[in-house]
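This report refers to the structure that appears directly beneath it.
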Amino acid sequence: MRVVVQRVREAAVAVGADELARIGAGLLVLAGFEVADGDDDIAWMAGKLTRLRLFADAEGVMNRSVRDMGGEILAVSQFTLFAAVKKGNRPSWSRAARGELAQPLFTRFVARLEAELGRPVPTGAFGADMRISLINDGPVTLCLDSRAME
C-alpha cells in the first residue's frame with residue numbers, strides 16, 4: 001500500500017460539477033493498493049497517518065498529529081501510485097490491484113482511518129475521474145509505503 005499525504009489548509013474532491021467532499025485543516029491522503037496488500041498494511045498505514053506529527057505546536061515545531069489538533073482527513077483512491085516506468089514512456093500499472101480487489105481494500109482503509117481518528121473520513125468516488133483541489137500547508141508532502149515502513 002502506498003500513500004501520498006499532504007498537509008492542507010483545505011481540500012475538496014469533485015466529479016464533474018458535483019463536489020463530493022470538502023475538508024478544512026488536515027490531511028489529503030491519496031491511497032493506492034497492490035495485490036499483496038491486506039489488513040496488516042491497512043492497520044499500519046491508518047495508524048501511521050493519524051499519529052504522524054505534521055502540525056505545529058505552540059513553539060512552531062511539528063509536534064502534533066491530525067488527531068491531536070482535531071483535523072480532518074480526505075481520502076482518495078489513486079491506483080496510479082503504482083506506476084512503473086522502467087520500460088518506455090507509457091506507465092504500466094500491472095502492480096496496482098484491480099478495482100474488484102482495490103475497492104474493498106480502500107473501504108476497509110477508510111473505516112480504519114475513521115476508527116483511529118474518531119470521526120468520519122470523507123472520500124472521493126472510487127474509480128471516477130476526479131478533480132482534487134487543495135491549499136497545501138507548508139508545503140508538507142510525504143510518500144509512505146507499507147512495504148518499507150520508514
Distance-only check: which donor-acceptor pairs under 3.5 Å involve side-chain atoms of residues 121-130, not counting sequence neighbours?
none

Check: Step by step, would you call K48 with L144 a side-chain contact (heavy atoms from CB on, under 4.5 Å)?
Finding: CA-CA 9 Å; K48 181 62 82 174; L144 303 173; 4.1 Å; yes
Are [X] and [Y] connected in the hydrophobic side-chain network, where two residues link if heavy atoms are under 4.5 Å apart?
X: V15; Y: V29; result: no
X: V35; Y: F82; result: no
X: F106; Y: V3; result: yes
X: V4; Y: V140; result: no
X: L30; Y: F33; result: no

Might you point out which heavy atoms bring [X] and [Y] nearest each other, and give the distance in Å?
X: L74; Y: A21; result: CD1-CB, 3.8 Å
X: R112; Y: A43; result: NH1-CB, 3.4 Å
X: L81; Y: G32; result: CD1-N, 3.6 Å
X: V110; Y: A75; result: CG2-CB, 4.1 Å

Check: [Y] and [X] side chains under 4.5 Å, non-hydrogen atoms:
X: M1; Y: F109; result: yes
X: D68; Y: S65; result: yes
X: L105; Y: I42; result: yes
X: I73; Y: V66; result: yes

Check: Among all residues two or more places apart in sequence or in another chain, which pass the side chain to side chain donor-acceptor pair (under 3.5 Å) test with R95?
Finding: E34
Margin query: Checking D41 now: which residues fulfil side chain to side chain donor-acceptor pair (under 3.5 Å) with it, not counting sequence neighbours?
Written below: S146, R147
Next item on the list: For residues 11-24, pull every pair meeting side-chain hydrogen bond (donor to acceptor under 3.5 Å, both in side chains), keeping only residues two or more places apart or in separate chains.
Entry: E10-R22, E19-R22
Next item on the list: State which residues pass ring-ring contact (aromatic ring centres under 6.0 Å, His included) with F79; sequence neighbours excluded, sorted by chain then number.
Entry: W93
Could you pull out all residues at least two apart from [X] that satisfy side-chain contact (heavy atoms from CB on, under 4.5 Å)?
X: R9; value: I135, D137
X: E72; value: I23
X: R51; value: R67, E116
X: L134; value: Q6, V8, A11, L28, I132, N136

Checklist line | salt bridge (Lys or Arg N to Asp or Glu O under 4.0 Å) partners for R119, two or more places apart | finding: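 If we apply the salt bridge (Lys or Arg N to Asp or Glu O under 4.0 Å) test to R119, skipping adjacent residues, there are no hits.
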Margin query: For R98, give me all partners under salt bridge (Lys or Arg N to Asp or Glu O under 4.0 Å), at least two apart in sequence or on another chain.
Written below: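 Partners of R98 by the salt bridge (Lys or Arg N to Asp or Glu O under 4.0 Å) criterion come out as none, since no residue qualifies.
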Just list the side-chain donor-acceptor pairs under 3.5 Å for residues 52-63, sequence neighbours left out, or say none.
unit_1, atom_1, unit_2, atom_2, d
R53, NH1, N63, OD1, 3.4
D57, OD1, E59, N, 2.9
D57, OD1, G60, N, 3.1
D57, OD1, V61, N, 3.0
D57, OD2, N63, ND2, 3.0

Check: When rounded to the nearest 0.5 angstrom, what is the spacing between CG in L117 and CG in L49?
Finding: 10.5 Å
Next item on the list: Could you grab the distance from atom OG1 of T50 to atom CD of E114, nearest 0.5 Å is fine?
Entry: 12.5 Å
